[in-house]
Amino acid sequence: MYGIVNKAIEGLVTTNFGEEKWETILEESGVDHDVFSGNEIYDDKITFDLAIAASKVLDMSLSDVLIAFGKYWVLITAKKHYGSLMDTGGQTLREFFTNLPNFHSRVMLLYPNIKPPEFDIEDISENELKLKYFSRREGLTDFVHGLILGLGEAFDITVETHLIQGRKDGLPYDEFLVKW
Ligand code: HEM
């Protein structure tokens, strides 16, 4: 994945737990880099090793690390650093979800070699939808859980979400119910 992802993990840790914890996590991960360049592509294993090391060092479950990372990705990486791109996603939470399937086609103008996620949205009612997440990667289900919660926070709305069914059931996608 592009280094921006690893830089975001670093940002999440240093902002909430301090530089020293990040140094410990880097050491624990065995990752052979101490600086990441946002525009360079790194092996996916590095990202997963960093998340696993963070869970050990911070004494959090991997699932909680990925949820926190998803929220950070939306609220800090995306909203703070790519505010105008995020604005193209929609003016309301509902609009943002409706436009989400096309979002990474705009991200690809900045990161052309990205392997983007795919989303499919099915409306259920005014405040409820189903979100399907397709990925070429495994292990990011909880990250998406955090992204959904982060989008709620970005629009100042309390969102509830849970996985209805997914890859753990042998499907080629994860399906979340999202309510607000
Ligand atoms: C301006 C904001 C955003 C930028 C610049 C951005 C950029 C990226 C980049 C560079 C990656 C790494 C993939 C790779 O290198 O192959 C990625 C992955 C991902 N992004 Fe975004 N993204 C943004 C917003 C969002 C939002 C709002 C969501 C969903 C709510 C999202 C969901 C994901 C997911 C799920 C992945 C993991 C990819 C996979 O499943 O393989 N991103 N994004």
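Summarising the local packing, CD of Glu118 is surrounded by 12 or fewer heavy atoms from other residues, nucleotides or ligands at distances under 6.0 Å. Around the CG atom of Asp32, the shell of radius 6.0 Å holds no more than 12 heavy atoms that belong to other residues, nucleotides or ligands. Crowding of Lys132 atom NZ: a count of heavy atoms from other residues, nucleotides or ligands under 6.0 Å exceeding 12. Around the NZ atom of Lys168, the shell of radius 6.0 Å holds more than 12 heavy atoms that belong to other residues, nucleotides or ligands. Heavy-atom neighbours of Glu95 CD from other residues, nucleotides or ligands within 6.0 Å: above the threshold of 12.
Atom CG of Leu151 is separated from atom NZ of Lys71 by 12.0 Å, given to the nearest 0.5 angstrom. Atom CD of residue Glu128 and atom NZ of residue Lys130 lie 9.0 Å apart, to the nearest 0.5 angstrom. Rounding to the nearest 0.5 Å gives a distance of 12.0 Å between CZ of Phe69 and CG of Leu62. Atom CD1 of Ile4 is separated from atom CZ of Phe36 by 13.5 Å, given to the nearest 0.5 angstrom.
Partners of Asp44 by side-chain contact (heavy atoms from CB on, under 4.5 Å), not counting sequence neighbours, listed by chain and number: Met1, Phe48, Arg137. Residues satisfying the ring pair (Phe, Tyr, Trp, His ring centres under 6.0 Å) test with Tyr72, not counting sequence neighbours, are none.
Taking a cutoff of 4.0 Å between a charged side-chain nitrogen and a carboxylate oxygen, Arg94 and Asp123 qualify as a salt bridge.
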field: Test side chain to side chain contact (heavy atoms under 4.5 Å, CB included) applied to Asp49 and Thr47, step by step
entry: CA-CA 6 Å; Asp49 285 349; Thr47 307; over 6 Å; no
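Tyr82 and Ser84 share no side-chain donor-acceptor pair at under 3.5 Å.
No continuous path of hydrophobic side-chain contacts links Ile124 to Leu163 [ILVMFWY only; heavy atoms under 4.5 Å]. Put simply, Ile164 and Phe97 are part of two different groups of oily side chains (I, L, V, M, F, W, Y) that touch within less than 4.5 Å, one to the next.
Side-chain contact between Val65 and Asp142 is absent, with no heavy atoms from C-beta onward closer than 4.5 Å.
Aromatic pair Phe119/Phe134: ring centres not closer than 6.0 Å. Ring centers of Tyr2 and Tyr42: at least 6.0 Å apart, outside the cut-off.
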For residues 169-180, tabulate all N or O donor-acceptor pairs below 3.5 Å that involve a side-chain atom, not counting sequence neighbours.
from   : atom 1 : to     : atom 2 : distance (Å)
Asp169 : OD2    : Gly166 : N      : 2.8
Asp174 : OD1    : Arg167 : N      : 3.0
Asp174 : OD2    : Thr141 : OG1    : 2.7
Glu175 : OE1    : Gln165 : NE2    : 2.8

